[in-house]
There are 2 protein chains.
Amino acid sequence: MTDSNQDGAIPTDYEIAQHAEKRPITEVVEPFGLADDDLEPIGDYKAKVSFEAIERLRDQGTDDGKLILVTGMTPTPLGEGKTVTTVGLGQAFNHIDRDALIAIREPSLGPVFGVKGGAAGGGYSQVLPMEDINLHFTGDLHALTSAHNLISTMLDNHIKQGNELDIAVNWVNWPRAIDMNDRVLRETVIGLGGEVTGVPREDGFILTAASEMMAVLCLADGLEDLKTRIGRIIVAYTDDGEPVTVDDIGATDAAAILLKDALKPNVVQTIEGTPAFVHGGPFANIAHGTNSLIADEVAAHLSEYLVTEAGFGSDLGAEKFMNIVCRFGEMEPDAVTLVASVRALKYHGQEMWPPNLEELEDENVEAVERGLENLDKHVENLRKFGVPVVVALNRFPDDADAEVEAVLKHCREDLEVRAAESTVFSDGGEGGVDLAENLVDAAETESSFEPLYDLDVSIEEKIETVATEIYGADDVEYHSDAEKDIERLTEHGFDDVPICISKTFHSLSDDASRKGVPEDWTLEVNEIYPSAGAGFLVVLTADVLTLPGLPEEPAAANMELHSDGSIDGLF
Amino acid sequence: MTDSNQDGAIPTDYEIAQHAEKRPITEVVEPFGLADDDLEPIGDYKAKVSFEAIERLRDQGTDDGKLILVTGMTPTPLGEGKTVTTVGLGQAFNHIDRDALIAIREPSLGPVFGVKGGAAGGGYSQVLPMEDINLHFTGDLHALTSAHNLISTMLDNHIKQGNELDIAVNWVNWPRAIDMNDRVLRETVIGLGGEVTGVPREDGFILTAASEMMAVLCLADGLEDLKTRIGRIIVAYTDDGEPVTVDDIGATDAAAILLKDALKPNVVQTIEGTPAFVHGGPFANIAHGTNSLIADEVAAHLSEYLVTEAGFGSDLGAEKFMNIVCRFGEMEPDAVTLVASVRALKYHGQEMWPPNLEELEDENVEAVERGLENLDKHVENLRKFGVPVVVALNRFPDDADAEVEAVLKHCREDLEVRAAESTVFSDGGEGGVDLAENLVDAAETESSFEPLYDLDVSIEEKIETVATEIYGADDVEYHSDAEKDIERLTEHGFDDVPICISKTFHSLSDDASRKGVPEDWTLEVNEIYPSAGAGFLVVLTADVLTLPGLPEEPAAANMELHSDGSIDGLF
């Protein structure tokens with residue numbers, strides 16, 4: 001979500017983007033060591049990095065740049081500006097003569113046409129060409145939708161053509177996928193129309209970003225690994241409870257063929273000309289919530305600093321980045337930026353639920369101070385991984401000086417954590433110089449990164465560690481299905497992998513209405529299932545909305561296309 | 001469908017394609033008057049032509065090249081090589097020192113993963129890069145799928161958010177779309193799961209190529225026209241029977257935004273370096289079955305000859321090209337090539353149904369001669385439009401000389417029609433020189449092109465004209481629904497547009513099992529509905545399969561992706 005709505009006085013993101021001067025992408029990346037031959041350009045301003053270039057960078061074995069992770073406190077539903085901070089920070093490094101690149105996720109069409117909000121940053125800290133990035137971009141999401149649905153098609157065709165594998169039609173775990181907020185597809189009945197059509201069964205659609213194929217794409221290090229991961233995805237169970245994989249239904253290679261170009265990282269530029277990898281975009285609840293590992297790997301090879309972003313707060317995206325992504329990618333963050341906003345602090349200080357965002361506009365230092373406990377807990381969480389933290393206060397134009405001062409003072413004096421104000425939305429990279437300097441400083445201190453749990457402890461112990469240490473729960477309660485899941489997974493040898501807990505992002509607890517740092521509560525686990533392709537166990541604590549709907553007034557209804565191809569209403 | 005299976009001795013299409021030398025697309029089109037600035041390149045070998053370039057070509061007002069239409073006799077289920085003939089012919093013109101371009105349709109992923117068959121020609125007459133073209137290409141089909149489904153989403157969201165327009169949930173005419181042969185989605189129930197999800201209703205999916213959005217894209221001459229056409233598409237009716245359009249549900253601009261790049265024609269090259277426009281791919285039953293008008297227009301501005309292809313036989317694609325496309329595009333074909341094959345002639349001569357393709361391999365001059373009546377009728381049909389015809393006998397390596405001779409002799413002596421053997425599959429352009437010379441000759445004779453009916457006659461008269469003159473029916477019978485449709489359409493003023501009859505392609509009649517030239521039959525019309533965006537009435541004579549299924553052994557199951565990105569099993 002962008003912060004384009006934080007100030008009516010400055011032009012819209014699209015207007016800013018339209019007036020920005022873009023350089024050919026080949027020129028943008030050339031100083032970082034990517035030559036023309038390393039790129040597969042799509043128009044002048046977008047390119048994919050070729051596999052040959054990736055191999056070359058791997059073989060060179062140069063030292064990786066410092067890795068800066070951007071995460072946030074528990075946000076309001078509008079988001080607190082993590083992407084804008086990531087983009088602005090990438091630009092800010094250039095203002096202090098440091099090389100930096102950024103890596104962020106690709107937007108999904110769902111939110112673009114639903115609630116007002118692209119995902120390419122905003123204001124003077126956005127990624128260009130924003131209209132391409134927010135629409136079809138380089139086609140990666142379309143490729144994922146196709147590959148996902150090819151597997152669905154092959155599965156139902158297998159059932160129709162005799163069902164040799166004895167797939168239980170009521171135990172299919174592979175819904176269909178669509179990149180559109182089309183809520184009526186959540187629960188459907190398919191295969192109607194008689195014998196010629198196949199076997200009727202209940203089915204549903206999920207957003208492409210929620211597909212395990214997305215998680216797989218974001219973790220694969222090359223085409224062979226992609227195939228291996230796709231092949232082992234569990235799509236159904238037999239009548240006897242044995243897992244049926246994509247390999248079993250013969251769809252692995254065809255699905256991988258549809259993804260062979262999507263796996264190549266995309267590179268574009270920020271409004272100030274910083275190269276930006278925009279690649280992959282998995283959910284941060286049922287998946288790990290960060291851009292592709294292969295983009296991080298390439299970017300880290302090319303620059304002194306890599307700024308990358310994780311979804312939602314430290315309890316979700318950052319926790320998964322540390323415990324899952326860093327483990328798989330053999331990476332270590334050198335510093336973490338925790339994005340906070342006066343708005344979000346007031347939201348926690350007022351224990352507001354459901355959110356009434358207008359009420360958060362008035363100056364209210366006391367509410368801000370009461371809300372600081374949420375920020376404190378996120379700082380504490382990140383320190384548990386042994387990495388230095390810098391709080392980035394993403395300042396909105398209407399924030400009062402007293403509110404901002406209260407936050408910075410608390411961070412520096414009470415928490416003894418580095419903190420800086422950031423105005424990158426309105427000021428571009430210049431507005432993030434203080435933050436960048438703090439991060440350089442932080443990243444130079446000895447980091448002692450360590451994941452929070454070992455892989456060889458039990459599934460329960462992993463869940464309990466995250467629940468108590470990160471979420472602040474007293475305990476974990478397993479519903480009877482979840483207990484059976486643990487038993488079966490342990491039996492099948494799926495217990496030595498990281499866990500990916502799906503929990504609301506509206507609260508540190510599993511109850512969206514509880515703000516600040518909820519106490520005296522127990523995490524309830526309903527179900528655990530393997531994302532065998534991705535390589536982790538998904539732990540469901542509540543129903544997850546994997547296919548959102550459009551609001552009463554969708555952004556789509558207010559868009560305008562002009563005869564010269566320019567657009568109004570895309571933010 | 002390619003003819004890649006017509007000879008085991010020569011390498012597969014993909015092998016040939018892999019070994020072909022491609023030139024940068026900018027170099028390929030430069031001699032035809034497209035400069036670097038006119039193109040929006042996607043990699044080195046694919047490009048879209050910019051709207052600015054299209055405007056410039058329009059403003060220049062140069063004479064258009066001669067238009068050659070490729071159509072065929074009633075085919076076997078394998079297809080008789082229309083695309084391969086189109087591609088080969090484009091190449092052949094270069095062998096006789098004439099400038100030529102080709103324009104063909106874009107493949108759909110459905111058949112690529114279903115039955116063995118891409119749609120980029122075959123052998124030494126194919127379009128490159130064939131694997132890109134057969135997979136995601138430039139993303140046009142994905143854009144169409146998204147735009148189509150955005151409209152569906154907006155429609156169901158309108159119903160859920162209060163249904164201000166009084167849309168009748170049992171009278172929604174806008175299914176969802178997918179570019180995959182996923183038969184279980186033909187008939188579904190959506191919107192289950194209670195009030196939060198919306199209103200449950202019956203729905204279904206069609207293949208993207210069957211969407212009216214595809215027809216619209218293929219007929220629009222620019223962004224404004226695209227918007228106008230999308231806006232007037234009828235997606236549902238109210239409880240009172242009033243049409244509800246895309247404009248009414250507020251989805252026009254957002255859908256057009258998703259298609260703004262897809263509308264730009266794609267240009268690639270044939271294996272011999274002839275520029276090839278590959279753009280749009282509507283069904284040839286419920287839609288008009290030819291590549292985009294905008295591609296034809298651009299290509300005709302650029303070259304002495306434009307070779308373009310229509311779907312199925314003269315009764316379907318060519319009839320629609322003459323009566324719909326030429327009318328909308330203000331074009332006139334200068335000559336028509338009618339593709340015939342010994343295999344198809346034997347198929348008709350043996351009155352074979354269901355087809356047993358192996359039986360068609362043995363030499364059988366008598367069966368060929370008996371089958372000629374089907375060819376004769378197609379020649380007669382085309383002559384009714386006042387355009388000169390050249391029969392192209394697409395020779396397969398196993399065809400006997402006596403069989404080939406019988407066909408050519410009959411054409412020249414009995415029908416007095418130009419005829420030539422074509423071996424472009426095995427020999428490339430050189431194999432089409434005789435055909436090209438005949439076409440040059442034919443196109444120089446005075447053409448007196450005229451559509452078959454006037455727009456201001458009644459709906460019934462238009463249907464009866466095509467049924468009796470082209471299909472050879474004695475009469476037309478209207479089921480009671482169709483009679484009501486005609487009444488309502490006439491009342492709404494939708495009667496002054498061309499008609500697009502959906503009929504089986506397996507026979508000249510409406511009965512797939514009847515070969516040759518069926519006599520003593522009546523065309524039965526079941527339903528007539530407006531494709532208001534495209535601008536024609538669709539006349540259904542039978543159930544149309546708008547979402548095919550996968551066969552027992554789908555091509556997808558035998559594909560292989562290698563670690564260097566190369567593919568096996570894509571034809």
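Computed from a prediction, not measured in an experiment: that's the story for all the values here. Naming convention: chains lettered A, B, ... in sequence-line order (proteins, then strands); numbering from 1 in each chain.
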Measuring heavy-atom distances to chain B, does [X] have an atom under 4.5 Å in its side chain, in its backbone, in both, or in neither?
X: A:His158; value: neither
X: A:Leu109; value: side chain
X: A:Ile257; value: both
X: A:Asn181; value: backbone
X: A:Pro551; value: backbone
X: A:Arg176; value: side chain

Single hit among [options] for side-chain contact (heavy atoms from CB on, under 4.5 Å) with [X]:
X: A:Arg183; options: B:Asp156, B:Val196, B:Ile190, B:Asn157; answer: B:Asn157
X: A:Asp253; options: B:Leu561, B:Ile567, B:Asn558; answer: B:Leu561
X: B:Asp182; options: A:Leu150, A:Thr153, A:Asn149; answer: A:Thr153

Next item on the list: Using atom types as modelled and distance alone, determine if a side-chain donor or acceptor of B:Gln161 lies under 3.5 Å from a backbone N or O of A:Leu550.
Entry: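 Present.
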Margin query: Would you say that A:Val189 contacts B:Leu192 through its side chain, given a criterion of any heavy-atom pair below 4.5 Å between the two side chains?
Written below: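 In short, these two side chains touch, coming nearer than 4.5 Å.
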Check: Do A:His136 and B:Leu258 come close enough that some side-chain heavy atom pair is under 4.5 Å?
Finding: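 Side-chain contact under 4.5 Å: yes.
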Margin query: Ignoring hydrogens, what is the shortest heavy-atom contact between B:Gly565 and A:Lys260? Give both atom names and the distance.
Written below: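 Between these two residues, the closest heavy atoms are O-CD, 3.7 Å.
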Note to self: Restricting to non-hydrogen atoms, name the atom on A:His142 and the atom on B:Ser146 that form the minimum distance, rounded to 0.1 Å.
What the structure shows: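 Reported closest heavy-atom pair: CE1-OG, 3.0 Å.
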Next item on the list: Decide if atom CD of A:Glu553 counts as having more than 12 heavy atoms of other residues, nucleotides or ligands within a radius under 6.0 Å.
Entry: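 For A:Glu553, atom CD is not crowded (no more than 12 foreign heavy atoms under 6.0 Å).
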